[in-house]
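Let me begin by presenting the structure, written as structure tokens, before commenting on it.
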Amino acid sequence: MSDQRSALVAVYRPGRIGTRVGTAGVAIHERLGRTLVQVSGWPGTFDATCRKLEALCSCRMPHDGRTAVSEGVRSIFRVAPERLWLAGPEGDETLRRLDESTFGSDTVVTDIGHSRTVVRVTGTGARELLNRGLPVDLDVSVFPADAFAQSVIHHIPVLVHGVPVAGENVFDVYVTSDYAVSFWEWLTEAAQSFGCEVGKPE
Amino acid sequence: MSTQPYRIERGGRIDRTLPLVFTFDGRAYSGFAGDTLASALLANGVHLVGRSFKYHRPRGIYTAGLEEPNAMVSLRKGDRHEPNLTATTVELFDGLEARSQNRWPSLDFDVMRVIDRFSAIFAAGFYYKTFMGPTRGAWMFYERFIRRAAGFGEPPLAPDPDRYEKGHAFCDVLVVGGGPSGLAAALAAGQRGARVMLVEDGAEFGGSLLSRPAGGETDAWLGAVVAELASLPNVRTMIRTTAFGAFDHRVFGLIERVGDHLTVPMPGQPRQRYWIVRARQVVLATGMLERPIVFGNNDLPGVMLASAGRCYANRHAVVPGRKVVVFTNNDTAYAAALDLAAAGADVNVVDARCAVSVDFERAARQAGIALHVGSAVARANGGKRVSSVDVCAFDPVRVALGAAKPRLACDLLLVSGGWSPTLQLLGQRGVRPVYDVKRAMFIAEKFPDGYRIAGSASGELALRERVAGGAREGARAAEVCGFATSGQATLPPIALPDEPVSTDIVPVWMVPDLPGTGYRKKFVDLQHDVKYDDIALALSEGYESVEHLKRYTTLGMAIDQGKTSNVNALGIAAQILGRPIGTLGTTTFRPPYRPVAIGALAGQETGLHFKPTRRSPMHNWHARHGAVFATTGLWLRPSYYPKPGETARDAYIREAAGVRSGVGMVDVSSLGKIDVQGPDAAEFLNRVYTNAFDTLPVGKARYGVMLRPDGIVVDDGTTSRLSAQHYFMTTTTLGAGKVMQFLEYLLQTAWPTLRVQVTSVTSQWAGVAVAGPRSRELVASVARDVDFGNDAFPFMGVRQGRIGAIPVRLLRVSFSGEMAYEVYAPSRCGEAMWQALVDAGRAFDLIIYGVEALGALRIEKGHVAGAEIDGRTTLADMGLARMASRKKPFIGSALMQREGLADEARPQLVGLEAATGDAALRAGAILCEPGRHHGHGIGFVSSVTFSPSLGRHVALGFVSGGMAREGQVIDAVFPMRGEVRAVRVRSPHFVDPEGARLNV
């Protein structure tokens, strides 16, 4: 789809912010144009929906609301008992083609890709930076790779995902788009004491 | 500049290679890195640092810690000015500017000192007795003078230029206090693998060890433990951090003073950081505080706690006096006496006990200290600094003075009345301490789940036992968290000194006046100027409960929260009442343990960031084109787009008129949007809306109203049927959240068997309303794949189309009363869609309008909005009774028929205009029968505007009788401004009541 514009376009400025001593403790950048599809259903039939999705996506579906399944470029979250979020890169044809005809009347498919802005936070200070606002324990012993949490940062609804990248602290924050500027302002303000590199959107 | 005449040449824990310059009341002094403001002042011979709260008596430095009741100063200036900081906790930095408080014209000569002579008048209860009853009104007159005369520092008026942060932290074991027991606890827990947070209020770890002579064997132990802790990746150590509050479920509030010890915070760094810590186990190693003894003139500068004197000598290399008297009732003060004697001071010890141990007696003799046992200091003498003390024989059991002994000249009087474990955090969790007679202190015996106590906070005085206790409790805490067997736990192999157990104490709370020598004030609470006499007076007037005693005398309030006064007050009260101290109870501790800056509690949530802000996908376009924004809930919405020279009124009238005459466009992205899908979606909507939605054809929209279960209208909006099982619901901007919650609540609790999914898609879709007689032409000029013929796309029709490559949903619905289309596009395409319409709109003289014009248009049309759907109105009140289906039940259908809601006398929606001429009406005005302006009237005005169509002001309102009053003239009364306007009742549909303009 042409003519798309990030919710952050007016406030996004790549470069170093905050403390300039030493290496930046965190790096942040926007992940542009992520595809995000919600697939939901009802008890009794949702397992069948998951089996179809497993066949379509070639990976298992998550069983609980704490750990995502990341396979290749996709991450799948069980955000409610019979509700999945399937996140993929821009132009993920498999996700884009999901609709009622894929599953029948027992499954509801809702495109919510435009409703979320995705910000990636990395670096040694990533956990602590997010914990400036997120009341969720992000220690690796409690929040291992692929863990996710739905909570709030600065009163803003977020889904925080610990992206499984070996040896690195990588988190994706899915934030409601109309709050994105407020979130970005909070994030860049909080990041000052770490020293922060704002990367180009990807 | 002073040359620090009281600085000891060697020793201490200061960095003599880093000299610092500071000012106090404008005069320059020098100190060293590692000094506090208090130690640096003492090094320069400055003892007079403040004036007391009430009587303006000269006051000096009393302690060496955060319990300080006297030495409060204002720091910095300009917008960084901060009052009421204790000089004993302010770390010295180069260029520090400090000022004394509560004095005029100067600290040395304070005119208000005269109040001290009238202290008998200003005793406890003065304000209660003077400004109650018939004289109550006098307070209004005297208040400003009283407030000016009494108090602490001046609050800052300018906005704080510094940043503050908040953060959440989590750990297995939180250790509060970085003294020897806290260090041992953290090490034991950390070595077992637990995630440990060790927080220390001071600038370095060590606690009481730092008051011992530098370079001793305890320093080796301290260094080894701190190094070991630093090597453990699972241990987080935080200095300059105070645990100020203990809350439910082991949640703690911490303040980290990141930049307070610097002139200004480092770039990018906050001044303070507020931590919310969640811990699985807690070890409180909070230490204990020394108590004073109350006697005449015990508030003179030069009187301080014995532990403070020792701290200044050993930690800061300052000898606060050269002729020292130590007044004690226990063993611990001897360490101070010996250390000060070793520093070259001439020391006398006055001990209230009849005898002291042979060891202490020998040590004193060897140090050249004169010992006066069975004696007490009955009075301190001096003006702005102590110069001598009167010593008498003393019977601590009868609290009676005996024969006078020779007066002892001194310039420093150290006092030790025993110790009080720091139990405030436990107290905040409801723990009531109990009195331990043997040790003469209040200790904790019961602990909340997950809490442990270690070290001197438990009442233990011996160093080895304190360390062993810390290690034991730290290990147990880790074990409870599941770290029982993993890891090794060893303390450094450095022997700590084998010290005698110092529990020999004779309680002495107060020393009476020596008969025949006159009266001198004996202060219990130095910070609030509460005297022994005040306590006696309060008790004599019946305020025997400790809570009443506290409030009647103001004892234990203010910044120090009675850290040095509470227990003495209890002891004195027990003595006067003739009851054991343990039976009196204690007052309740509440957060914060020490003052917390409001800025730290606010963190980043100031100004525009007090709450987050929601922005439309087209927000940047609006900003670029001069929109003036207004907040609607959390949304920033364009209010109007003024042209040069236009007022807000001019702008919205122009915009609304342009819509009526041509075409206008408004951003409606903030409307709530809910995707409703599933086999039972139609049935679900039938139940939540008052009207039917199962009969709604695919491709059509319908206006719907929802009620609360009690029959009151909660929200309205249009819902479109996109397919047999798929609906697209819109709500009001402010109602979006509560409607979504309500729908989820119903599906999860009332109707769990309905197969319906609801999803908020408010952020998924950008929305534009294009309204006006030429709206069809405009929208048709840009939208593709849609037949805009009146039959093909009728009023309330819904179509899918494209604007360029952007897929759009088109709804032919109207809020303005004009022919109108709502156009929805995926939000990232919102601005492109908007721009396409703007570009095409140039050919149609498109007007961009904001919510002010939107409001004017809907009021002219008589459409209800938030001002009418205010949580009190029914369908019938708003003239929508016909929307209540009689063929089906719906939420609220039963209770909307209650007698009170069905009463025809209820105020109902009407239109209003000035009865004669034109006049602006006020929303909120009370509608009354002419001339009968009392009670709640017969209704109220809900919405007002200037109607461009009618060229006059109009309003919507609710009036009893509703349209039955059409044509009547009633009064609109606005008592706030004393206004009364005669208004005529008319139809709320000021414009196009037949709806012809919807179908041009």
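First the proteins, then the strands, lettered A, B, ... as listed; each starts at 1. When reading the values below, keep in mind they use all heavy atoms of this one structure, side chains included, and skip hydrogens, waters and symmetry mates.
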Who wins among T45(A), L134(A), D139(A) for the most heavy-atom pairs under 4.5 Å with chain B? D139(A)

Set out, in order, the CA-CA distance, both residues' side-chain angles and the distance that settles salt bridge (charged side-chain N to carboxylate O under 4.0 Å, His left out) for D106(A) and R755(B), then state yes or no. CA-CA 8 Å; D106(A) 285 329; R755(B) 297 199 305 162; 2.5 Å; yes

Taking side chain as everything from C-beta outward and backbone as N, CA, C, O, which of these in P617(B) sits under 4.5 Å from a heavy atom of chain A? Side chain, backbone, both or neither. neither

Sort R83(A) into side chain, backbone, both or neither according to what part of it lies under 4.5 angstrom from a heavy atom of chain B. side chain

Can a salt bridge be assigned to the pair R120(A) and E202(A) using a cut-off of 4.0 Å between side-chain N and carboxylate O? no

Examine whether an atom of V142(A) lies under 4.5 Å from a heavy atom of chain B, and if so say whether it belongs to the side chain, the backbone or both; otherwise answer neither. side chain

When only pairs under 4.5 Å are counted, which of G133(A), G18(A), G195(A), A190(A) shares the most heavy-atom pairs with chain B? A190(A)

Under 4.5 Å from a heavy atom of chain A, the part of L754(B) involved: backbone

For the interface with chain A, which of R273(B), M833(B), M266(B), R624(B) has the highest count of heavy-atom pairs at distances below 4.5 Å? R273(B)

Point-to-point distance, once rounded to the nearest 0.5 Å, from SG of C196(A) to CG of L187(A): 6.5 Å

Pick one of side chain, backbone, both or neither for W765(B), based on which atoms fall under 4.5 Å of a heavy atom in chain A. neither

How far does CH2 of W834(B) sit from CG of D839(B), to the nearest 0.5 angstrom? 12.5 Å

If we define contacts as heavy-atom pairs under 4.5 Å, which of I112(A), I156(A), T176(A) has the most with chain B? I112(A)

Salt bridge (charged side-chain N to carboxylate O under 4.0 Å, His left out), that's the test. Do E54(A) and R51(A) meet it? Break it down for me. CA-CA 5 Å; E54(A) 285 172 350; R51(A) 283 195 292 277; over 6 Å; no

Carboxylate-amine/guanidinium proximity below 4.0 Å for R240(B) and D260(B): no

Answer key: most heavy-atom pairs under 4.5 Å with chain A among T759(B), T762(B), D675(B), I276(B) is T759(B)

Ring of W275(B), cation from R236(B) - is the NZ or CZ under 6.0 Å from the centre and inside 45° of the axis? yes

Between V761(B), V756(B), L634(B), which has the largest tally of heavy atom pairs under 4.5 Å with chain A? V756(B)

Heavy-atom distances under 4.5 Å only: say whether T107(A) touches chain B with side chain, backbone, both or neither. neither

Pick out which of R195(B), R278(B), H168(B) makes a side chain to side chain donor-acceptor pair (under 3.5 Å) with D137(A). R195(B)

Counting only heavy atoms closer than 4.5 Å, note whether Q677(B) contacts chain A via side chain, backbone, both or neither. both

Checking heavy atoms, do the side chain of Q757(B), its backbone, both or neither come under 4.5 Å from chain A? both

Look at A10(A), S40(A), P135(A), S177(A) and state which one has the largest set of heavy-atom pairs under 4.5 Å with chain B. P135(A)

Distance-only polar pair, side chains of S670(B) and R637(B), donor-acceptor under 3.5 Å: yes

Could you check which of H726(B), H609(B), Q725(B) has the highest count of heavy-atom pairs closer than 4.5 Å to chain A? H609(B)

Tell me yes or no: between the side chains of D178(A) and S763(B), is some donor less than 3.5 Å from an acceptor? yes

Taking every non-hydrogen pair under 4.5 Å, which of Q269(B), R163(B), R828(B) racks up the most with chain A? R828(B)

Please tell me whether S720(B) and R809(B) have a donor and an acceptor in their side chains that are separated by less than 3.5 angstrom. no

Region of L130(A) in contact with chain B, defined by heavy-atom distances below 4.5 Å: neither

